Amino acid sequence: MEKPLLGKKILIVEDEAVFRSLLDQFLLSMGAVTLQAEDGLEAIAQLQQHTVDLIISDLEMPRMSGIQFVEHIRTRGNVVPILIISATENMSDIAHVLRLGVQDVLLKPLKNFERFREAVYECLYPSMFTSKVEEDEQLFQDWDALVRDPKAAAKLLKQLQPPVQQTIANCRINYRQLTMAEQPGLVLDIAALSDKDLAFYCLDVTRAGDNGVLAALLLRALFNGLLQEQLTGQKQRLPELNGLLRQVNLLLRQANLSGQFPLLVGYYHRGLKNLILVSAGLNATLHVHAHQIQLSNGVPLGTMGSTHLNQISQRADNWQCHVWGAGGRIRLMLSTEE
């Protein structure tokens with residue numbers, strides 16, 4: 001096939017003019033129609049005018065970075081395949097964009113354009129190049145490597161901790177954490193599901209030995225997908241978090257992770273101003289204006305086959321949640337932006 005990308009429209013988002021031109025010429029030679037942007041803001045303007053089949057983007061760019069750009073389009077429901085090409089060595093940045101649903105990440109400098117060609121093909125024709133079995137095999141290879149090296153797993157988990165201040169789903173969020181020394185304790189993760197809702201969880205990794213860190217990495221990889229499944233097809237826009245924790249409990253058993261895994265999961269919908277908290281083994285206090293609501297801890301996941309949870313639901317536009325367990329304390333604060 002002389003022109004394998006004939007009929008495909010590809011947007012290149014890259015601030016380095018020479019590299020952008022190099023990518024452009026390579027894609028044109030394969031028959032693609034190309035569009036170009038120097039940063040995320042220009043790319044958004046292009047997407048308002050054109051429908052594309054693939055986006056190829058850098059991460060570090062002026063005005064709007066690649067991460068901000070990917071967050072912008074993903075939280076607005078755009079599921080176009082995205083291929084990241086970046087010189088970053090920051091594992092948390094790579095993990096962040098992978099979690100947002102980019103198809104692949106290649107590192108600069110591109111020494112092998114054949115690998116780039118394969119990545120483009122895999123983004124545009126996934127059923128032809130990647131089987132679910134191959135994806136599962138790669139996941140288990142990576143998982144086995146982490147199981148064999150607990151120190152590497154703990155280092156990776158630390159790199160993936162969220163920033164202490166951020167704005168997601170049009171909400172300002174910050175947190176304060178108190179844990180024991182440098183050891184992993186109470187692990188927090190926060191993610192936007194759209195521009196109107198977000199989710200978070202706290203997991204105490206101290207009660208299952210090395211399995212605690214592995215459980216945190218497993219949960220981080222799968223949490224968004226599990227929550228989106230709970231939201232899909234529901235008439236109301238609030239998830240059934242009890243079902244989510246039952247799924248997590250099952251996944252921990254399937255991964256052969258023994259021990260106790262105290263977990264608290266929260267979901268906040270900015271439009272409905274509704275917060276849901278579910279606990280399986282962690283204590284929490286919710287502060288809404290002058291009111292204080294206590295959430296008792298319940299039974300940690302992994303303790304038994306079934307789950308025993310406590311849940312509260314509260315309307316609020318600003319709130320603080322204090323979470324604590326054997327691994328430390330976290331105070332999470334949220335306010336909606338007007």
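Just so it is clear, the model here is predicted, and its values are computed rather than measured. We use all heavy atoms of the structure for the numbers below, so side chains are in, but hydrogens, waters and symmetry mates are not.
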> Which heavy atom in Leu198 sits nearest to a heavy atom in Ala169, and how many Å separate them?
CD2-CB, 4.0 Å
> Is it the case that the side chains of Asp24 and Thr34 hold a donor-acceptor pair, with the cut-off being a distance below 3.5 Å and no angle test?
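There is such a pair (donor and acceptor under 3.5 Å, judged by atom type) between the side chains of Thr34 and Asp24.
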> Decide yes or no for Val80 and Leu11: does some side-chain heavy atom of the first lie under 4.5 Å from some side-chain heavy atom of the second?
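Of all side-chain heavy-atom pairs linking Leu11 with Val80, none is under 4.5 Å.
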> Taking NE2 in His289 as the centre, count heavy atoms belonging to other residues, nucleotides or ligands within less than 6.0 Å. Is the count above 12?
yes
> If the threshold is 4.0 Å, N to carboxylate O, is there a salt bridge linking Lys108 and Asp58?
yes
> With under 30° as parallel and over 60° as perpendicular, where do the rings of His269 and Tyr267 fit, or are they tilted in between?
tilted
> Is there a side-chain contact between Trp324 and Leu186, using heavy atoms and a 4.5 Å cut-off?
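Sidechains of Leu186 and Trp324: no contact.
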> Tell me, with the steps shown, if Val187 and Leu219 meet side chain to side chain contact (heavy atoms under 4.5 Å, CB included).
CA-CA 11 Å; Val187 173; Leu219 185 57; over 6 Å; no
> As a test of understanding, state which of Leu277, Asp189, Ile168 forms a side-chain contact (heavy atoms from CB on, under 4.5 Å) with Phe200.
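Exactly one candidate clears the test, Leu277.
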> Are Asp149 and Lys155 close enough for a salt bridge, meaning some N to O gap below 4.0 Å?
no
> Is any side-chain heavy atom of Leu334 less than 4.5 Å from a side-chain heavy atom of Ile173?
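Yes. Closest side-chain heavy atoms under 4.5 Å.
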> Quick test of your reading: applying salt bridge (charged side-chain N to carboxylate O under 4.0 Å, His left out), list the pairs with at least one residue in residues 255-266, sequence neighbours left out, ordered by first then second residue.
none
> According to the salt bridge (charged side-chain N to carboxylate O under 4.0 Å, His left out) rule, which pairs have a member within residues 59-88, sequence neighbours left out?
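Pairs touching residues 59-88 that pass the test: Asp39-Arg63.
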> How close do Ala32 and Ile10 get, counting heavy atoms only, and between which atoms?
CB-CD1, 3.9 Å
